[in-house]
2 protein chains.
Amino acid sequence: MAVNRKKLILDAAAKSFSQFGYKATTMEQVAKIANVGKGTIYTFFTNKEELFGEIVQNLIFEMKQEAEESIDVNLSFYENVHRALYRLLKYRLEHQFTIKLLQEEKEIGTPAVLEMVSKVEAEIVSYIKEKVEIAIEKGEIRKCDPELTAFMMLKIYIALIFDWEKRHKPLNKKEIAELFQLYLFKGLSKF
Amino acid sequence: MAVNRKKLILDAAAKSFSQFGYKATTMEQVAKIANVGKGTIYTFFTNKEELFGEIVQNLIFEMKQEAEESIDVNLSFYENVHRALYRLLKYRLEHQFTIKLLQEEKEIGTPAVLEMVSKVEAEIVSYIKEKVEIAIEKGEIRKCDPELTAFMMLKIYIALIFDWEKRHKPLNKKEIAELFQLYLFKGLSKF
DNA sequence: GAGTGACCAATTTGTTCATCTGGTCATTTT
DNA sequence: AAAATGACCAGATGAACAAATTGGTCACTC
């Protein structure tokens, strides 16, 4: 085995998905980019969807690493959540692949893409959930449903970063951090 | 004038929009339901979009009334916000018209519908914003950007009521009230 | 003059058919 | 023999054209 054909195919597919999206990427195109016969792809992947799935799986792994790197044990729970979420969402924003994915989800609604996007979201929630559980155990935050709390954290973050931007001037990183702390940790109540 | 033709048309249009959505409602259909010549509609409304707009305007008015009715000066700010929001979202859920609207927005993305949905949302935020401003003045809550806070309140509420339901068992009224209080007022922080 | 529906331009919808694409497998290459 | 391949096929897709529908107008009626 002179070259790793599977990796060749994965790279080619990632490249094409990033550039043209899931639907507009043909298996022939992937084969051509990978310098591989079309049939060869099917010796490694059952079908187009599985090939796609494997790339997403990879993405999830990288995102987790990003998040993990951003965590600093000396900082508070809320500070770490903020840092991790910020990095995660920035990661999404910076990677052509995720941008194309989100775009295709909204504009075309390709089922396979829809499924993967929710999968990624579920993974993020699951990841935060773990951190929430630890924080509760450590007594860093109040008792609460970890999954629901993780879910709300993500939602609040997305609202602050993406939704607010749609009709208002974007918030900067510091503002987002402060607002996240205000709304989720300190609360609006004065006491 | 034996009958109020304008009202007749508005009722007919509301009925048809509720049943079939904006796009699938034809002016001929409205005319037929209203027992009116098609041309007559155009003596009251410039075009289909304006007719639609007037019905939405009406909806907003009714929603405001609903909210206003639910407010009790003896209760705390957060309690009132919760009562108003709950009533508002329940109203949305209960009215075929709003359901069809939301459905059409997601499934077809009819531009006129998209515009109206954001208009309704903007109105809700603006309404909450006023209440937030008063609460800040009265010292009932911390100082914060009233519009952003109103925006976040709505987002958090929608997340609790609609988004969470998509993949989990729905929260009941009491749970929503408590969670809303936890996340937005008390905060996750223990101190 | 308020009300109307036949009429028209423009858009939408339905249909057809040539092209394309995911996936297979007999054949070739290593 | 195992791995790789691309010609091949059934079904999906979409471009192009035709037919039907619809928003909006206006000459005419009551």
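Proteins come first, then strands; the chains are lettered A, B, ... in the order of their sequence lines, and each starts at number 1.
Look at Lys7(B) and Asp11(B) and you find a salt bridge, because one of the NZ, NE, NH1 or NH2 atoms lies within 4.0 Å of a carboxylate O, short of that distance. By the 4.0 Å N-to-carboxylate-O rule, Lys6(B) lies close enough to Glu54(B) to be salt-bridged with it. Using a 4.0 Å cut-off between charged nitrogen and carboxylate oxygen, Glu147(B) and Arg167(A) do not count as a salt-bridge pair. Here Arg87(B) pairs with Glu69(B) in a salt bridge; the nearest charged N to carboxylate O distance falls below 4.0 Å.
No continuous path of ILVMFWY side-chain contacts below 4.5 Å connects Val56(B) to Phe61(B), so the two sit in separate hydrophobic clusters.
Rounded to an integer number of Å, the gap from CZ of Phe44(B) to C1' of dG23(D) is 18 Å. When the P atom of dG22(C) is taken as reference, atom CZ of Phe45(A) falls 15 Å away, rounded to whole Å. Note: CD1 (Ile41(A)) to P (dA3(D)) measures 17 Å, nearest angstrom. Rounded to a whole Å, the CG atom of Leu51(A) is 12 Å from the C1' atom of dG22(C). Whole-Å rounding puts the Tyr22(A) OH to dT13(D) P distance at 11 Å. Across the protein-nucleic acid pair, Ile9(A) atom CD1 and dT5(D) atom P stand 8 Å apart, rounded to whole Å. For Lys32(B) and dG5(C), the NZ to C1' distance is 12 Å, given to the nearest whole Å. Protein atom CD1 of Ile108(B) is 12 Å distant from nucleotide atom P of dT12(C), rounded to whole Å.
Each of Gly37(A) and Lys23(A) was assigned the nucleotide of DNA chain D with the nearest heavy atom; the assignment lying further toward the 5' end belongs to Gly37(A).
Residues that satisfy the side chain to side chain donor-acceptor pair (under 3.5 Å) test with Glu121(B), not counting sequence neighbours, are absent from this structure. Residues meeting the side chain to side chain donor-acceptor pair (under 3.5 Å) test with Asp163(A), sequence neighbours left out: Lys166(A), Lys155(B).
Rotation axes derived from the C1' atoms of the five outermost pairs at either end of the helix from dG1(C)-dC30(D) to dT30(C)-dA1(D) lie 10° apart, to the nearest 10°.
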Report each atom pair, protein N/O against N/O of nucleotides 24-28 of chain D, whose distance is under 3.5 angstrom.
| unit_1 | atom_1 | unit_2 | atom_2 | d |
| --- | --- | --- | --- | --- |
| dG24(D) | OP2 | Tyr42(B) | OH | 3.1 |
| dG24(D) | OP2 | Lys48(B) | N | 2.7 |
| dG24(D) | N7 | Lys38(B) | NZ | 3.1 |
| dG24(D) | O6 | Lys38(B) | NZ | 2.2 |

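Applying the ring-ring contact (aromatic ring centres under 6.0 Å, His included) test to residues at least two apart or on different chains, the pairs with a partner in residues 21-44 of chain A are Phe17(A)-Tyr22(A), Tyr22(A)-Phe52(A).
Through direct or indirect side-chain contacts shorter than 4.5 Å among Ile, Leu, Val, Met, Phe, Trp and Tyr, Tyr127(B) is connected to Ile71(B).
Regarding contacts with the backbone of dA3(D), every side-chain N or O of Arg5(A) stays at 4.0 angstrom or more from both OP1 and OP2.
Closest to the Thr26(B) side chain, of the nucleotides dT4(C), dG22(C), dT22(D), is dT22(D).
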